[in-house]
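Structure first, then comments.
A note on names: the letters A, B, ... follow the listed sequences, proteins ahead of strands, and every chain is numbered from 1. Predicted model only: the values in this text are computed from it and were never measured.
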There are 2 protein chains.
Amino acid sequence: MPDISQVLSDTFLRTNALDPRESGSKTYSISQLAKEFDITTRAIRFYESEGLLSPEREGRNRLYSQRDHTRLKLILRGKRLGFSLDEIGELFELYDSSSTGELAQLSRVLEKIEERKQILKQQLEDIQLSLHELKEFERQCRQRLRQMRSNH
Amino acid sequence: MPDISQVLSDTFLRTNALDPRESGSKTYSISQLAKEFDITTRAIRFYESEGLLSPEREGRNRLYSQRDHTRLKLILRGKRLGFSLDEIGELFELYDSSSTGELAQLSRVLEKIEERKQILKQQLEDIQLSLHELKEFERQCRQRLRQMRSNH
DNA sequence: ATTGACGTTGACGTTAACGTCAATATAATA
DNA sequence: TATTATATTGACGTTAACGTCAACGTCAAT
């Protein structure tokens with residue numbers, strides 16, 4: 001039975017790729033991640049405090065695994081998709097539990113996805129309409145400008 | 001010289017259409033507006049406190065003119081376009097002052113529009129990409145579900 | 001006379017997603 | 001050795017856009 005994370009690799013929720021403590025596995029410091037994703041360290045710690053990340057420790061310091069790296073990427077993608085941090089956490093939980101074979105949870109994930117898809121489609125229409133409106137408004141502004149100039 | 005509001009009627013900023021105190025001009029109570037636009041009276045009063053509306057008074061009570069009605073419509077449209085209330089207020093000011101012939105202000109409005117258009121275009125791309133990602137994820141979820149069912 | 005619908009003005013509360021310190025520790029570098 | 005870079009925790013601050021009271025006025029209908 002193949003790991004679900006394999007089936008779903010390179011899609012939205014690829015969250016349990018590698019063992020964190022594997023010897024050769026690459027790790028990151030907090031500022032490395034911050035630089036790479038162009039966010040602040042504060043934000044990263046905040047995500048942890050919200051339960052979205054749980055990096056290992058090397059003494060006091062946080063040590064981020066490849067899995068954490070992927071999770072962070074997913075967090076940011078989720079945000080772009082319009083999910084709140086709470087919803088992202090929910091999706092992580094649902095998805096993790098679905099890898100233990102909980103079919104119902106997977107359906108729940110699908111529902112969430114569908115919900116978000118509807119919202120995005122609505123936004124898409126709104127934006128396209130807005131662009132048209134703005135273009136028309138702009139056109140008339142420009143026309144008005146030409147009139148003002150020629151009357152001068 | 002035609003009023004700029006005529007030139008631009010039915011577009012984004014059509015804000016000074018009619019005299020508020022004209023006899024036959026239709027008026028609205030606060031709750032009428034609230035109902036029509038499906039917002040709370042609190043919101044409408046808030047917009048006024050932010051300087052976006054300035055209805056007449058009939059005693060203590062607010063009396064909204066057709067102009068106010070149009071303004072409110074524009075406020076909500078502006079919000080859908082992603083403008084903050086501050087920005088919307090700015091646009092109102094710029095636009096109002098441009099009707100006195102301030103050419104520079106009109107250019108400023110155009111800049112704002114252009115800015116927003118760029119942002120909307122970016123969002124459009126983001127959303128289209130997100131929809132693709134979600135579809136792919138969904139497809140693979142469904143495939144996984146079928147596998148789980150057939151193995152049962 | 002009282003109920004109910006509608007209006008008013010404060011004033012404080014809320015939420016999300018961090019920002020912005022402060023005080024401290026450790027490690028590498030000049 | 002002094003500085004600099006990087007890390008930690010903790011705590012309070014911020015912003016936008018209202019929500020949610022409280023306390024009160026006014027008018028029509030029962």
Would you mind reading off the distance between [X] atom [atom1] and [N] atom [atom2], rounded to a whole angstrom?
| X | N | atom1 | atom2 | result |
| --- | --- | --- | --- | --- |
| B:L33 | C:dC6 | CG | P | 15 Å |
| A:K35 | D:dA7 | NZ | P | 9 Å |
| B:Y28 | C:dG7 | OH | P | 15 Å |
| A:L63 | D:dT6 | CG | P | 17 Å |
| A:F46 | D:dT14 | CZ | P | 17 Å |
| B:I44 | C:dG7 | CD1 | P | 9 Å |
| A:Y47 | C:dG19 | OH | C1' | 13 Å |
| B:E50 | D:dC18 | CD | C1' | 10 Å |

Task: Given DNA chain D, 5'-ward residue of the pair B:T40 and B:D86, judged by closest heavy atom - done: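 That would be B:D86.
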
Open item on the list: For a quick test of reading the model: is some side-chain N or O of B:R62 closer than 4.0 Å to OP1 or OP2 of C:dT8?
Closed with: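 For C:dT8, OP1 or OP2 has a side-chain N or O of B:R62 closer than 4.0 Å.
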
TODO: Kindly say if B:S31 contacts the phosphate of C:dA5, meaning a side-chain N or O under 4.0 Å from OP1 or OP2.
DONE: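 Answer is no, no contact under 4.0 Å.
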
Open item on the list: Assess, by modelled atom type and distance only, whether the side chains of B:Y28 and B:Q66 contain a donor and an acceptor separated by less than 3.5 Å.
Closed with: yes

Measure from the side chain of [X], starting at C-beta and using heavy atoms only, and say which of [options] lies closest.
| X | options | value |
| --- | --- | --- |
| B:S84 | C:dG19, C:dT8, D:dA17 | D:dA17 |
| A:I30 | D:dT8, C:dT9, C:dA17 | D:dT8 |
| A:A43 | D:dT8, C:dC18, C:dT8 | C:dC18 |

TODO: Using both distances under 3.5 Å as the test, list the Watson-Crick or G-U wobble partner of D:dA28, or none.
DONE: C:dT3

Task: More than 12 heavy atoms from other groups under 6.0 Å of CD on A:Q32 - done: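 Result for CD/A:Q32: enclosed.
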
Task: Heavy atoms from other residues, nucleotides or ligands near CD of A:Q118 exceed 12 (cutoff 6.0 Å) - done: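 Counting other residues, nucleotides and ligands, CD of A:Q118 exceeds 12 neighbours.
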
- [ ] For A:T41, answer base if it contacts any base atom (sugar-phosphate contacts may also be present), sugar-phosphate if it contacts only those atoms, and nothing otherwise; contact means non-hydrogen atoms under 4.0 Å.
- [x] nothing

Task: Closest-nucleotide 5' rank along DNA chain C - winner of B:R42 and A:L85 - done: B:R42

Open item on the list: Any salt bridge linking B:E136 with A:K117? Criterion: basic side-chain nitrogen under 4.0 Å from a carboxylate oxygen.
Closed with: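 Answer for the salt bridge query: no.
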
Open item on the list: So, taking the atom named CZ in B:R71 and the one named OG in B:S54, what distance separates them when rounded to the nearest 0.5 Å?
Closed with: 6.5 Å

Open item on the list: Whether the side chain of B:R45 and the base of C:dT9 hold a donor-acceptor pair under 3.5 Å is what I'd like checked.
Closed with: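 Check fails, no donor-acceptor contact within cut-off.
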
